[in-house]
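Data first, discussion second: the structure below is written as structure tokens.
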Amino acid sequence: EWGIAEALRRQHKLEQAEKMLSAIIKTQPAFYPAYISLAYIKYIQMDFEQSVHLALKVMKAGRGKVDLSNYVRAYCLYAGAKGMIAHYGGVLSKLLNGTAVKSNLEAAQKLQPNSTGVLFGLGSFYLLAPRIAGGNLDKSEIYLKEAIRIDPSFADAYVRLAQLYKLKGNSAAFTRYLDKALTLDP
């Protein structure tokens with residue numbers, strides 16, 4: 001059932017996937033891949049608080065109960081959702097939530113340094129964070145290109161690189177990376 005729900009999520013059939021995942025969690029509350037899939041859906045739906053809540057459940061379950069890949073994904077989702085809460089929040093939110101982003105990505109990196117999710121998360125952090133908070137376009141480029149090297153079909157990394165090149169004023173690279181992302185996931 002989770003496999004079907006995850007396939008639906010990847011096909012952007014979020015409502016169907018969400019119903020299935022909620023049912024799985026209700027009947028099997030210790031099946032942590034369902035929490036991760038649902039956290040992704042909540043993130044896409046811009047329900048960042050719920051995404052944080054679901055990722056935190058997986059993190060709190062601990063490494064002994066969660067496989068490494070899903071445990072690392074939980075840290076990445078937690079960091080990403082906290083970053084979005086900070087982005088949309090006021091000054092206090094930026095301080096409280098924004099400071100949780102890099103530390104959680106670094107914790108994930110220690111567990112699985114070559115994870116495309118970790119590399120994408122760090123690349124996104126360095127792209128989107130203000131310079132005063134550690135933003136660095138050159139570091140962003142390194143992490144995002146490494147994510148693509150490891151997984152050439154990771155559409156989100158191409159989108160982030162397109163954003164980076166737009167900021168750098170390189171319209172040819174912007175178009176090239178955006179086109180590649182759209183080819184992978186229209």
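Everything numeric in this text was worked out from a predicted model, so none of it was measured. Heads up: numbering here begins at 1 and tracks the sequence.
Here the shortest heavy-atom pairing between Asn70 and Pro33 reads ND2-CG, 3.5 Å. Residue Leu167 comes nearest to Leu137 through the heavy atom pair CD1-CD2, 4.2 Å, listed as atom of the first residue, atom of the second, then distance. Residue Thr116 comes nearest to Ile150 through the heavy atom pair CG2-CG2, 3.6 Å, listed as atom of the first residue, atom of the second, then distance. Across Tyr32 and Lys65, no two heavy atoms sit closer than the pair CD1-O, 3.8 Å. Here the closest non-hydrogen pair linking Ala74 and Ala55 is O-CB, 3.4 Å. Taking all atoms of both residues into account, the shortest heavy-atom contact from Ala86 to Gly98 is CB-N, 3.4 Å.
Taking the charged nitrogens against the carboxylate oxygens, Lys110 and Glu106 have no contact shorter than 4.0 Å, which rules out a salt bridge. Contact check on Arg9 versus Glu18 returns no salt bridge, with no Lys/Arg side-chain nitrogen under 4.0 Å from an Asp/Glu carboxylate oxygen. Taking the charged nitrogens against the carboxylate oxygens, Asp138 and Lys168 do have a contact shorter than 4.0 Å, which makes a salt bridge.
Summarising the local packing, CD of Gln11 is surrounded by more than 12 heavy atoms from other residues, nucleotides or ligands at distances under 6.0 Å. Residue-environment remark: NZ (Lys94) exceeds the threshold of 12 foreign heavy atoms within 6.0 Å. Annotation: Glu1, atom CD; neighbour count of heavy atoms from other residues, nucleotides and ligands within 6.0 Å does not exceed 12.
Separating the CD atom in Gln163 from the OG atom in Ser124 is a distance of 7.5 Å, to the nearest 0.5 Å. Atoms SG and CG, from Cys76 and Asn104 in turn, are 9.0 Å apart once rounded to the nearest 0.5 Å. In this structure, the separation between CG on Leu164 and NZ on Lys145 is 8.5 Å, given to the nearest 0.5 Å. Considering CZ of Arg10 and NE2 of His12, their distance stands at 10.5 Å, rounded to 0.5 Å. Taken from CD1 in Ile148 to CG in Leu161, the straight-line distance is 4.5 Å, to the nearest 0.5 Å. One distance of note links OG of Ser103 with NZ of Lys82; it measures 10.0 Å at 0.5 Å rounding.
No side-chain donor-acceptor contact under 3.5 Å links Ser69 and Asp67. A donor atom on one side chain and an acceptor atom on the other are found under 3.5 Å apart for Glu141 and Tyr165. With no hydrogens or angles considered, no side-chain donor-acceptor pair links His87 and Asn97 at under 3.5 Å.
When atom types are taken as modelled, the side chain of Ser22 and the backbone of Lys19 share no donor-acceptor pair closer than 3.5 angstrom. A donor-acceptor pair under 3.5 Å is absent between the side-chain atoms of Ser140 and the main chain of Tyr126, judged by distance alone. Side chain of Thr183 to backbone of Asp179: a donor-acceptor contact under 3.5 angstrom is found.
No side-chain heavy atom of Phe31 sits less than 4.5 Å from a side-chain heavy atom of Ile25. Two residues are said to be in side-chain contact when any heavy atoms from C-beta on lie closer than 4.5 Å; Met20 and Ile4 meet this criterion. Looking only at side-chain heavy atoms (C-beta outward), Pro113 and Val118 stay at 4.5 Å or farther from each other. Counting heavy atoms from C-beta on, the side chains of Tyr88 and Met46 come closer than 4.5 Å. Looking at Gln109 and Leu122, their side chains come closer than 4.5 Å, going by heavy atoms from C-beta outward. No side-chain heavy atom of Tyr177 sits less than 4.5 Å from a side-chain heavy atom of Val159. Inter-residue side-chain proximity for Leu128 and Arg160 is flagged as met; some heavy-atom pair is nearer than 4.5 Å.
Criterion: ILVMFWY side-chain heavy atoms under 4.5 Å apart, direct or through other members. Under it, Leu54 and Leu105 are part of a common hydrophobic cluster. Note on Trp2: it clusters hydrophobically with Leu38, by side-chain heavy-atom contacts below 4.5 Å among ILVMFWY residues. Residues Ile44 and Met84 fall within the same hydrophobic cluster, defined by Ile, Leu, Val, Met, Phe, Trp and Tyr side chains chained together at heavy-atom separations under 4.5 Å. The hydrophobic cluster containing Tyr75 also contains Ile36, counting ILVMFWY residues as joined when their side-chain heavy atoms lie under 4.5 angstrom apart, directly or transitively.
Just one of Met59, Arg73, Lys57, His53 meets the side chain to side chain contact (heavy atoms under 4.5 Å, CB included) condition when paired with Tyr35; it is Lys57.
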Inset, instruction - Begin with the C-alpha distance, continue with both residues' side-chain angles, and end with the deciding distance and a verdict on side-chain contact (heavy atoms from CB on, under 4.5 Å) for Leu111 and Tyr71. - result: CA-CA 9 Å; Leu111 293 166; Tyr71 196 61; 3.7 Å; yes
Inset, instruction - Report the C-alpha distance between Leu68 and Gln112 in whole Å, list the side-chain angles of each, state the deciding distance to 0.1 Å, and finish with yes or no for side-chain contact (heavy atoms from CB on, under 4.5 Å). - result: CA-CA 8 Å; Leu68 179 61; Gln112 204 172 39; 4.0 Å; yes
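Figure legend: Lys166 and Phe174 shown as a cation-pi pair, the cationic atom lying under 6.0 angstrom from the six-membered ring centre and within 45 degrees of its axis.
Residues Tyr40 and Tyr43 keep their aromatic ring centres 6.0 Å or farther apart. Ring centroid separation for the pair Phe120 and Tyr143 does not come in under the 6.0 Å cut-off. Taking the six-membered ring wherever Trp is involved, the centroid distance between the rings of Phe154 and Tyr158 does not fall below 6.0 Å.
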